[in-house]
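These numbers come from a predicted model, not from an experiment. In listed order, ligands and their atoms are each counted from 1. Basis for what follows: all heavy atoms, side chains included, without hydrogens, waters or symmetry-related copies.
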Amino acid sequence: MSSTTKPLRWGIIATGAIAQHFTKDLILDPSKRDASDVQHLVTAVGSRSVASAQKFIDNILSSSDSKDAKPCGSYADVFADPNVDVVYIGTPHTMHYDNTKDALLAGKHVLCEKPFTFDLAELDELIKIAREKKLFLMEAVWTRFHPIAYAVQKEVFSGKYGKIQRINTIIERELTDRMVAPELGGGALLDLGPYPMTMLLLQQHPDNKSHASPSSITGHMVPYARTGVDASSTWIVEWKDLGVAVCTASMTTVMSLERSVIIQLETAEIHIDFPTYRPEGFTILERPSKKSPSEGEKVKIKRTHVDCPIPKGAGRGMEYQADEVARCIRDGRLESERCSLAESRIVMHVFDEVRKQGKYPVTEGKAGPPKGL
Ligand SMILES: NC(=O)C1=CN([C@@H]2O[C@H](COP(=O)(O)OP(=O)(O)OC[C@H]3O[C@@H](n4cnc5c(N)ncnc54)[C@H](OP(=O)(O)O)[C@@H]3O)[C@@H](O)[C@H]2O)C=CC1
Ligand SMILES: O=C1OC[C@@H](O)[C@H](O)[C@H]1O
């Protein structure tokens, strides 16, 4: 850590599971992951109860440079704190819009958990406010910053295996109460769907900020009997000239499958390991020729496994996105190129369409029913 680096001062909103994971990674020494140009400090923690904020500080921050973070018994107190530069939002989905909006209106930069918002209309409003107020805004798509994301893109865009023909990507996780609560925007699509979409977009858009919307979206949802949200969703997305992708997000089964993504190129397949949200390796399977084998012919496939671990000294892998936020804010950039708002917009647009076709139930959350139902 360079002593001249000015720390970015974070306010953490909510004290739940992911806010804890993120904050533990955030306070790790950046120089241990070759990120000596940034420094992070947590200056405030906001919760619906001040006791919970204090407990979070005691458990997570007490032996760090951030030990003096202020416990706040409301999110509003964090937004109003002059010692906070950027707010991390770790509340349930249906609160992301209100929380992000309040933070932006209070003049804070924002990093918000996935899914960014409940629908595209909400996201567009947030982008408008951020641009008007010249504030940084990004969805916390941590996988985009993992070593494997860069390594797979390098293989795909090298051109040596030809163009992408198809992508097949799947995520499966055991459900929790939050994940099936309609009023919290529960369901497989919104909770898990961002990961297949990230895997897909990383391979489709080398510049990470294409504005092209898919030429077709077809969605199917299987309801979860107890609450009516989607227990699993499958959607097919197609871009002109970019091949077709089949994505699945499911809470019905949890299998130890061998791969989370299959990228089929003209002369090779790339299989990315599980789990879809944090893979650390992939296999390249090269075919000897583009032609189909003749009957009885044994095709020799060359298999190369590539390890891409989150390096030792790093945490769970949530800190890389925080480094990106710090660099963007330091350099006066209002948006990340690697995790662009255009890509988040495509995700929300696809989800809106899948929910419409899959007949996702009207939510009682603050965000209201998905537009178009
Ligand atoms: N990037 C990633 O890898 C992950 C991202 N996520 C995303 O993070 C968000 C939160 O998920 P997660 O941390 O698992 O959820 P939790 O239920 O563990 O935590 C959510 C927190 O939000 C606050 N909250 C405010 N209002 C409510 C409410 N009505 N009901 C419940 N909690 C409320 C609470 O904090 P308090 O009491 O302090 O106010 C609560 O602890 C989700 O949008 C999810 O998609 C989740 C897991 C992984
Ligand atoms: O974002 C997520 O990634 C990891 C999963 O365990 C979690 O349920 C989900 O919200």
Side-chain angles (χ1 to χ4, degrees), residues 11-26 44-60 69 71-79 87-100 102 110-118 122-123 138-146 170-199 229 231 249-251 254 260 274-279 310 315-322 339 344 347-348 351 363-367:
I12 306 293
I13 293 303
T15 56
I18 199 62
Q20 294 181 34
H21 286 307
F22 173 76
T23 308
K24 282 180 193 163
D25 282 1
L26 181 66
V45 175
S47 171
R48 292 169 299 172
S49 98
V50 75
S52 173
Q54 186 61 60
K55 190 172 161 203
F56 184 99
I57 292 169
D58 294 344
N59 289 345
I60 295 173
C72 300
S74 78
Y75 303 153
D77 285 353
V78 175
F79 305 147
V87 175
Y88 165 81
I89 312 274
T91 49
H93 320 336
T94 41
M95 303 183 66
H96 291 177
Y97 167 77
D98 279 342
N99 297 155
T100 300
D102 289 349
V110 173
L111 173 67
C112 177
E113 267 307 334
K114 42 60 60 182
F116 214 149
T117 47
F118 190 75
E122 286 187 349
L123 176 56
M138 187 177 109
E139 183 180 6
V141 191
W142 58 319
T143 311
R144 272 189 179 272
F145 299 95
H146 289 173
I170 183 165
I171 183 165
E172 293 188 287
R173 294 291 283 170
E174 196 180 335
L175 55 85
T176 63
D177 286 348
R178 172 183 67 70
M179 286 163 76
V180 293
E183 70 279 11
L184 300 180
L189 181 76
L190 284 185
D191 197 84
L192 301 173
Y195 294 105
M197 283 305 294
T198 300
M199 288 301 187
V229 301
S250 173
M251 306 185 295
V254 182
S260 63
F274 256 100
T276 321
Y277 53 89
R278 193 185 181 279
I310 307 272
R316 185 182 153 93
M318 310 207 90
E319 61 277 42
Y320 299 103
Q321 57 184 344
C339 189
S344 292
V347 174
M348 290 322 301
F351 288 177
T363 175
E364 290 161 21
K366 273 191 188 161

Identity and separation of the nearest protein heavy atom to atom 5 (C) of ligand 2: Arg173 NE, 3.4 Å
Who's the nearest protein heavy-atom neighbour of atom 5 (C) of ligand 1, and how far? Glu113 OE1, 3.1 Å
Does any N or O of ligand 1 fall below 3.5 Å from an N or O anywhere on Ala17, backbone included? yes
Distance filter under 4.0 Å to Ala14 heavy atoms, resulting ligand 1 atoms: 21 (C), 22 (O), 23 (C), 35 (O), 38 (O)
Near Trp142 (heavy-atom distance under 4.0 Å), the atoms of ligand 1 are 1 (N), 2 (C), 3 (O)
Using a 3.5 Å distance criterion without hydrogens, assess whether the side chain of His146 forms a donor-acceptor pair with backbone atoms of Gly317. yes
Those atoms of ligand 2 less than 4.0 Å from some heavy atom in Met179: 8 (O)
Look at atom 19 (O) of ligand 1 and say which protein heavy atom is nearest, naming residue and atom and giving the distance to 0.1 Å. Gly16 CA, 3.3 Å
Report yes if some heavy atom in the side chain of Glu122 is under 4.5 Å from a heavy atom in the side chain of Met348; otherwise report no. no
Does the plane of the ring in Tyr88 sit parallel, tilted or perpendicular to the ring in Phe22? Use 30° and 60° as the thresholds. parallel
Measuring from non-hydrogen atoms of His93 to any atom of ligand 2, is the shortest distance under 4.0 Å? no
Subset of ligand 1 atoms that lie under 4.0 Å from at least one heavy atom of Thr91: 9 (C), 10 (C), 22 (O), 42 (C), 43 (O)
Relative to the heavy atoms of Arg178, which atoms of ligand 2 are at a distance of less than 4.0 Å? 10 (O)
Residue, atom and distance of the protein heavy atom nearest atom 17 (O) of ligand 1 read Arg178 CD, 3.8 Å
Decide yes or no on side-chain contact (heavy atoms from CB on, under 4.5 Å) for Lys114 and Asp191, but give the supporting numbers first. CA-CA 8 Å; Lys114 42 60 60 182; Asp191 197 84; 4.1 Å; yes
Which heavy atom of the protein is the closest neighbour of atom 8 (O) of ligand 1, given with residue, atom name and distance? Ile18 CG2, 3.2 Å
What's the verdict on side-chain contact (heavy atoms from CB on, under 4.5 Å) for Tyr75 and Ile89, showing C-alpha distance, side-chain angles and the deciding distance? CA-CA 10 Å; Tyr75 303 153; Ile89 312 274; over 6 Å; no
Measure the shortest side-chain to side-chain distance between Thr117 and His93 over non-hydrogen atoms and say whether it is less than 4.5 angstrom. no
Does Met95 reach ligand 1 with a nitrogen or oxygen that is under 3.5 Å from one of the ligand's nitrogen or oxygen atoms? no
Which residue and atom name correspond to the protein heavy atom nearest atom 35 (O) of ligand 1, and how close is it? Thr15 N, 3.5 Å
Checking heavy atoms under 4.0 Å, the part of Glu174 that sits near ligand 2 is neither
Would Gln321 and Val141 satisfy side-chain contact (heavy atoms from CB on, under 4.5 Å), going step by step from the backbone distance to the final call? CA-CA 7 Å; Gln321 57 184 344; Val141 191; 5.8 Å; no
Mind checking the CE-OG1 spacing from Met138 to Thr100? Nearest 0.5 Å is all I need. 12.5 Å
Given His96, Glu139, Lys55, Arg48, which one has a non-hydrogen atom that is nearest to atom 30 (N) of ligand 1? Arg48
Thr143 side chain vs Tyr277 backbone, donor-acceptor pair below 3.5 Å: yes
Between Thr276 and Ile170, is there a donor-acceptor pair closer than 3.5 Å when you use the side chain of the first and the backbone of the second? yes
Provide the number and element of each atom of ligand 1 under 4.0 Å from a heavy atom of Ser47. 36 (P), 37 (O), 38 (O), 39 (O)
For atom 3 (O) of ligand 2, grab the closest protein heavy atom and report residue, atom and distance to one decimal in Å. Tyr195 OH, 3.2 Å
Just jot down the ligand 1 atoms closer than 4.0 angstrom to any heavy atom of Asp191, in number order. 45 (O)
Looking only at protein heavy atoms, what sits closest to atom 2 (C) of ligand 1 is Tyr195 OH, 3.2 Å
Have Ser52 and Thr15 got a donor and an acceptor in their side chains that come within less than 3.5 Å? yes
Is the backbone of Arg316 close enough, under 3.5 Å, to the side chain of Asp25 for a donor and an acceptor to pair up by distance? yes
For Met318, is at least one N or O under 3.5 Å away from an N or O on ligand 1? no
Using the rule given for side-chain contact (heavy atoms from CB on, under 4.5 Å), can you reason through Thr94 versus Glu183, listing the C-alpha separation, both sets of side-chain angles and the distance that settles it, and then say yes or no? CA-CA 7 Å; Thr94 41; Glu183 70 279 11; over 6 Å; no
Indicate yes or no: at least one non-hydrogen side-chain atom of Phe116 is less than 4.5 angstrom from one of His96. no
Within the structure provided, determine whether Thr91 and Asp98 are in side-chain contact (heavy-atom separation under 4.5 Å). no
Can you check whether Tyr75 has an N/O within less than 3.5 Å of an N/O in ligand 1? yes
Among protein heavy atoms, which lies nearest atom 10 (O) of ligand 2, and at what distance? Asp191 OD2, 2.8 Å
What atoms in ligand 2 come closer than 4.0 Å to a heavy atom of Lys114? 1 (O), 2 (C), 9 (C), 10 (O)
Considering only the protein, which heavy-atom contact is closest to atom 44 (C) of ligand 1, and what is its distance? Lys114 O, 3.6 Å
Just need the protein heavy atom nearest to atom 43 (O) of ligand 1, so name the residue and atom and give the distance. His93 ND1, 2.8 Å
